[in-house]
Each structure stands twice: as structure tokens, then as C-alpha cells.
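Inspection log for the structure reproduced underneath, given as C-alpha cells.
First the proteins, then the strands, lettered A, B, ... as listed; each starts at 1.
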Protein chains: 2
Amino acid sequence: MPKQTFFHLAQDKQDTLILAAKEEFSRVPLHEASIANIIKSAGIPRGSFYQYFDDKEDLYFYLLSETSKKNTGKFLLILQENNGDLFKTFIESFRFMVSTHKDKDQANFFKNAFLNMNYKLENTLANNVYEENQKSHFENISKSIDKSMLNIEDESELHHMVRVMTAVTFHNLVQMFVKDLTAKEAENSYLMQMKLLKRGFCKTEC
Amino acid sequence: MPKQTFFHLAQDKQDTLILAAKEEFSRVPLHEASIANIIKSAGIPRGSFYQYFDDKEDLYFYLLSETSKKNTGKFLLILQENNGDLFKTFIESFRFMVSTHKDKDQANFFKNAFLNMNYKLENTLANNVYEENQKSHFENISKSIDKSMLNIEDESELHHMVRVMTAVTFHNLVQMFVKDLTAKEAENSYLMQMKLLKRGFCKTEC
DNA sequence: GTTGACATATGACACTGTGTCACATATAAT
DNA sequence: ATTATATGTGACACAGTGTCATATGTCAAC
């Protein structure tokens, strides 16, 4: 988390810095990004950077968590709009994320993020790590899910189901960037896999 | 891939270097590993390192691909032993990998790998990237799968199914390290998710 | 309006680590 | 012996990080 000093900065100075950071993280992935470039572009001295952030990771995960807030908000909204239909919600969220990530201004930022996706990044994006603990995050979603349509016996099975669907969702988003798929191709792949999840992998007898 | 020069080295010198590398990559994850430590531990000069490898990534992915060979071999073997039962195969492979990764000598190496798992690492481990192209890798597996028990209409659906199962498998391996689960806990989680995949997420009418 | 306490700004610097290159040495074929 | 080719070596230039001593600003209390 950025230090208090950063939040005390005038809004436009914050914005300049955030913009400079996004530029650098769009140019190259986190591990290749250099603080020198960010401060040069933002026009602040090196020492100041360390007044605001612990290091470049601190800044990067702050940027991501901002994106995450939007994602979680959107997910809950869609879930309610679809009367708790988990599949429609995941699919519509997927479309939303694809379109966000394909957006000209943000495409490279997300490309660099997803091509280097690991559990820490995934957690930041999927669970709003900063805001609330993960348990309450899931419970929050669980309340709005229409369980009557799902093939589950208890809350634990639902939890596992959501985890599988999240893993598949991220896998497909990553693949979109890896294989440089169009939005349409990515969506088809995702729809196919969601269809398989719905209907089950095994014939009834097995 | 390491350069020819490396493979021309006497076997014991190769082994010393590999061992030194494993030590370093067990101590810290790839991005924190230092070539200085590896060469010091292996007792070779810096210049020599660059005769053998492009950089530390080159060495690291070579190590991983060696592991991968074992995994793929084991997977195919188990698949045949189980007469093409995809689920039994994934589950037994999972157990095999968990026990490998929990092995005292290798635990930290794999911990560092899985806590920083990204698509490139996953691909290296799952698809033997060096050896063959991925298409032929899947076809190779596909031949041995008993499709009669699976709820699929064509080869493409099978492909997606395997991809989903692979994604879930990696997700569970990562979670084992993230949440520091015992082998038993990790297995239970995995079995639960495999059960859900088998039977389908949706009730029949939806 | 001076003082002190505190927050913030700044850039030179020490440090860590990388990849290269000119030169040294070995090996083998003619 | 001579030459060609492969391999070994460590000093060095370069890039980037995080810190620290010092400077500057702000504001409340007297």
C-alpha cells in the first residue's frame, strides 16, 4: 500500500505519477520496469518516489487493486441483474473484462499483467486483497447466487465451484494474450469450457 | 536451451553446476536468484557461465524441462495403467506430483516455482515445450484416452476438457504452496473439484 | 514574528548484480 | 611446428536499487 504521504499529495500530482507508472508498466512487465523511467516521466526526484511507495511492486499492486475494485463491483452488479445466475454472470463478466483489456489505452498494461499472471496477481485482481478478507468476499457473493440451479449439496461445494470457475476464467484471459486471440475467439473458447463445466465431463453411468 | 559447450562438459562438472543452480533456485525464486551465487557454489568463473547459458532463465527453464519430462512420462504411463481413464490418471498424477514436490530435497525448489507460476512456467511443466510441439503432445495423449466414458461430442471438446483439468490441477498445486496445505488437504480439495467436474455444475434442467 | 516540531523534498552515493570483451589456454588436425 | 577452433577467465562498464544527510516547507504555540 502506498504511504500516507502519497495520499496527501495534490490530486493532479498523484494523477501524473499514476499515469507515468501506467505508461512504464504498459511498456514492459513489472520485473523489467524501472523506477528511473517512472520518475523521469513524472518529473519527480528519486528520493520522493520512496517517500510515496516502498518499491515498484507497491505501486504496481496499488494500480491493480484499483482495477480490481471495478471488476468486483461489476461482478456483483451483473450477478444481481441476472438474478443470481452464476454462469451468465461469469460469462458476462468475462466479456466485460475482455473488452476492458482490449481497450487501446489499457491493452498493453493488461497484456503485461496477464502474460506474467501468478497467484499474487490473480488474488489481487480477483479478491480485492486490500479491501476485505477473502472469506467475507466470498460470502458477499454467495448471498446473491441462485443455488437452486446448481448441482451442489452444501456451501463448501459452492466454494469449490466458484474457485474452479475463477481458475478457468483466468486461464482463458491469459490464453487470449498468449495466443493473441480476438475477443470473439477468446469468448468462444470460454463459452465452450463453461458449457462443459455445466454439463459435466462424465457420462451418467461413470 | 543451454549451449552446446555445456553439453560438452564432463558429466560431473555438469552435475556440479546443476546442483549449484538447484540450490540457488531453492533458496529464492527465479527473479531473486543471482548468478554470482551459482558460480561461487559451483566454483566456476563468471565468464564460463555465459559460455554455457544465455542467462539464468535459460538455466532455470532447462532444469524445469527436465522435471517436465518425468511428469509427462509418468502421466502417459498412469494413463495406460488405468486403461485410459482420464480422471483416475489426473488424480494419480496429482498425487505423484504432490509427493515429488513435498520431497525434502526438492520442496523449496518447487515451492519457489509454484508460488511464481505463470503461463510460461506452466507450459514448460505441462507440455514439454522443448521436445515436441504442443499439438503433437496432445494428440499423443488423446490416443490413449478412453473416450467412451466422457461426455464429449468431438476431439475439440476433449481438448478443452483436458485444458480445464490441467488448469484446475495447476491451480490446486499452487494453492497447496500458498496455503501451506498438507498433502492430504491438497488431495481432498483436488478430489472435490474433480468430483464437481465429473458430475457437472448445473442441474439437468438448466 | 520567532521558535520548535513535524512532514516532505532532494540527489549524491554506496551497493548489488548483469553481460561483455580482450586475452589466455587447451585440443586436435595437418 | 603450425594453425584453427573451442573453451576458460576475470576485470570492467553499465544499469538499476534503496538510503541518508541535508534542505525546505508548514503550522501551531508563545
Self-check item: Spatial distance of atom CG (A:L59) from atom CG (A:L17) [nearest 0.5 Å]
Solution: 7.0 Å
Exercise. Considering non-hydrogen atoms only, spot the tightest contact between B:N172 and B:S189 and give its length.
Key: OD1-OG, 3.7 Å
Quiz item: Taking B:N118 for the side chain and A:N118 for the main chain, is one N or O donor matched with an acceptor at less than 3.5 Å?
Solution: no
Quiz prompt | Between A:F94 and A:F90, ring centroids under 6.0 Å | solution = no
Heteroatom pairs (N/O) under 3.5 angstrom, protein to nucleotides 3-7 of chain D:
unit_1 : atom_1 : unit_2 : atom_2 : d
D:dT7  : OP1    : B:H8   : ND1    : 2.6
D:dT7  : OP2    : B:T5   : OG1    : 3.3

Quiz prompt | Nucleotide C:dA26, atom P - distance to NZ of B:K13 in whole Å | solution = 12 Å
Quiz item: What's the CD1-C1' distance between B:I44 and C:dT25, to the nearest Å?
Solution: 17 Å
Quiz item: In whole angstrom, what separates A:F53's CZ from C:dT8's C1'?
Solution: 15 Å
Self-check item: Residues that A:A20 engages under side-chain contact (heavy atoms from CB on, under 4.5 Å), provided they are two or more places apart
Solution: A:I38, A:S41, A:A42
Quiz item: Ion pair present between B:R95 and B:E92, side-chain N to carboxylate O less than 4.0 angstrom?
Solution: no
Self-check item: Length of the CD1-P vector between A:I39 and C:dA9, whole Å
Solution: 14 Å
Exercise. Whole angstrom is fine here: how far is it from CZ in B:F49 over to C1' in C:dC21?
Key: 18 Å
Polar pairs (N or O, both sides) under 3.5 Å between protein and nucleotides 12-17 of chain C?
none

Quiz item: Excluding sequence neighbours, so at least two apart, what forms side-chain contact (heavy atoms from CB on, under 4.5 Å) with A:N37?
Solution: A:E24, A:R27, A:S34, A:K40
Self-check item: Minimum-distance nucleotide (side-chain atoms of B:D55 versus D:dG8, D:dG10, C:dG19)
Solution: C:dG19
Self-check item: Between D:dG8 (P) and B:L17 (CG): distance, integer Å
Solution: 11 Å
Quiz prompt | salt bridge (Lys or Arg N to Asp or Glu O under 4.0 Å) involving B:K102 - partner list, sequence neighbours excluded | solution = none
Exercise. Take the protein atom CZ of A:F7 and the nucleotide atom P of C:dA7, then report the distance between them rounded to whole Å.
Key: 17 Å
Self-check item: Atom pair distance, as rounded to whole Å: NZ in B:K40 and P in D:dG10
Solution: 15 Å
Quiz item: How would you list, by chain and number, every residue that makes a salt bridge (Lys or Arg N to Asp or Glu O under 4.0 Å) with A:K195, sequence neighbours excluded?
Solution: B:E157
